[in-house]
Student: 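What follows is a single structure, and I will ask about it in a moment.
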There are 2 protein chains.
Amino acid sequence: MEEFVSTFTNRLDSKGRVSIPASFRAVLARDGFEGLYCCPTLDQNAVDAGGNRLVTQIRSSLALFEPFSEDHEFLSTTLIGESEVLKVDPEGRVALSEAIKAHAGIRDTVTFVGQGYKFQIWEPDRFVAYRDEAKSRVRELRRRLGSGLRASGGTE
Amino acid sequence: MEEFVSTFTNRLDSKGRVSIPASFRAVLARDGFEGLYCCPTLDQNAVDAGGNRLVTQIRSSLALFEPFSEDHEFLSTTLIGESEVLKVDPEGRVALSEAIKAHAGIRDTVTFVGQGYKFQIWEPDRFVAYRDEAKSRVRELRRRLGSGLRASGGTE
DNA sequence: TGGGCAAATATGGGCGTCAATGGAATCGGC
DNA sequence: GCCGATTCCATTGACGCCCATATTTGCCCA
């Protein structure tokens, strides 16, 4: 598979390690990035994670702003300054940093959420709440935008 | 055959596996996608399933939104995060995940409903109810629109 | 037209492999 | 030599793969 798809929940062990879902590892291997690039999600208490495609995406987002502008500074401080590159052990596990665990409120379990070119890392309960919120927002979005957005396709 | 057509109902075995209807397998084989892409439908308790054509459809919906925008995040969380890629065994069966079974209310039988470039997976009773509802809506539509909808013939 | 043979499909279960997890061993630096 | 970090190994349980059976479908021939 080319993209991060689906949702998985795994447990942290006593050393704070957690397995990256096998299907996500396969995508990362294709991507070629060494390690796991992690960047706090801007609007939620979660973490964006991925490889080269995520890094590229972040760069191009930054490029939309004038260099040395205040906005650019703020963004790069957050997107780059708060980012980390986690090492992946031979079994495909990572050790989440204290900063990440604190930001996301993670204790002993984490949820991995595929989002195509990247995935997110959540504390499971918080994710469920966010998912429900997202779902209702999408329904609303569909009502507003109409036919352009048919999850179920729609050309019948 | 190029498209998913007709309706089939099969049973789940003790391992939770169910055969994909043979004619659907033929369409999937042509499509070339490895596995079965499944995405819960937003408005019904059912699942959209298919291959590359379905994936393309979903992706193009997402592409309408700016990456990192809030709407894009909501959409990818809902559409991609809730999707799964099921493996198809050598006999043409898939094991439905707990998440899918819960969403669709599936217990020991499932109904496959062809919808052209994709098909849907339903709990049989719920599908019958949905189909009847849809049918009466069509009748009503025909009354309102008059002769325009005759050609497709309607009595089965 | 009817019987029966043959192919394909749906279904059932056993077994090996891999992924997730836990813990021990080893390597590094201070 | 101690401590943290990384690698190695071992267990468990789920999942994929294989083979077996049955039920259906279509086909051929009498």
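Lettering of chains follows the sequences in order, A, B, ..., and the numbering in each one begins at 1.
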Student: Consider the side chain of A:R11, meaning its heavy atoms from C-beta on, and name the nucleotide among C:dA25, C:dG12, C:dT21 that approaches it most closely.
Tutor: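 Given the options C:dA25, C:dG12, C:dT21, the side chain of A:R11 is closest to C:dT21.
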
Student: For A:Q115 and B:T77, does a side-chain donor sit closer than 3.5 Å to a side-chain acceptor?
Tutor: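 The criterion, which ignores hydrogens and geometry beyond distance, is satisfied for B:T77 and A:Q115.
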
Student: Is any side-chain N or O of A:R17 under 3.5 Å from a base N or O of D:dT7, one able to act as donor and the other as acceptor?
Tutor: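 Pair found.
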
Student: Got a salt bridge between A:E91 and A:R17, using NZ or NE/NH1/NH2 to carboxylate O under 4.0 Å?
Tutor: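 A:R17 and A:E91: not salt-bridged.
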
Student: Taking CG from B:L96 and P from D:dA14, how many angstroms apart are they, rounded to a whole number?
Tutor: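 Distance check: B:L96 CG to D:dA14 P gives 17 Å.
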
Student: C:dG12, C:dG13, D:dC18: which one has an atom nearest the side-chain heavy atoms of B:D13?
Tutor: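 Of the options given, the side chain of B:D13 lies nearest C:dG12.
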
Student: Can you measure B:I20 atom CD1 to C:dA10 atom C1' for me and round it to whole angstrom units?
Tutor: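 Nearest whole value for this atom pair: 13 Å.
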
Student: So for A:K15 and C:dT21, does any side-chain atom that can act as donor or acceptor lie under 3.5 Å from a complementary atom in the base?
Tutor: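 No, no donor-acceptor pair under 3.5 Å.
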
Student: Taking atom P of C:dT9 as reference, at what distance in whole Å does atom CZ of B:F112 sit?
Tutor: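 That distance rounds to 15 Å.
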
Student: If every non-hydrogen atom of B:V88 is compared with every non-hydrogen atom of B:L36, which pair is closest and at what distance?
Tutor: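 Closest approach of B:V88 to B:L36: CG2-N, 4.1 Å.
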
Student: Using a heavy-atom cut-off of 4.0 Å across all strands, would you classify B:L86 as base, sugar-phosphate, or nothing?
Tutor: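 Since no nucleic acid heavy atom lies under 4.0 Å of B:L86, the category is nothing.
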
Student: How many Å lie between CD on B:E98 and P on D:dA14, as a whole number?
Tutor: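 Going from CD in B:E98 over to P in D:dA14 covers 11 Å.
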
Student: What integer distance in Å separates A:E34:CD from D:dT6:C1'?
Tutor: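 In whole Å, D:dT6 C1' and A:E34 CD are 14 Å from each other.
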
Student: Among the nucleotides D:dC8, C:dG23, D:dC18, which one has an atom lying closest to any side-chain atom of A:E91?
Tutor: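 From the listed options, D:dC8 comes nearest.
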
Student: To the nearest 0.5 Å, what is the distance between CZ (A:F4) and CG (A:L28)?
Tutor: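 Taking CZ in A:F4 and CG in A:L28, the distance rounds to 4.0 Å.
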
Student: Separation of A:K87 atom NZ from D:dT7 atom P, in whole Å?
Tutor: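 Interatomic distance, NZ of A:K87 to P of D:dT7: 8 Å.
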
Student: What nucleotide among C:dG12, C:dA20, C:dT11 has an atom nearest to a side-chain atom of B:S19?
Tutor: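 Looking only at side-chain atoms, B:S19 lies closest to C:dT11.
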
Student: For A:R93 and for B:D89, find the nucleotide of DNA chain D with the closest heavy atom, then tell me which residue's nucleotide is more 5'.
Tutor: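 The residue closer to the strand's 5' end, by nearest nucleotide, is A:R93.
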
Student: Does a side-chain N-to-carboxylate-O contact under 4.0 Å join A:E140 and A:R143?
Tutor: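 Salt bridge flag = no for A:R143 with A:E140.
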
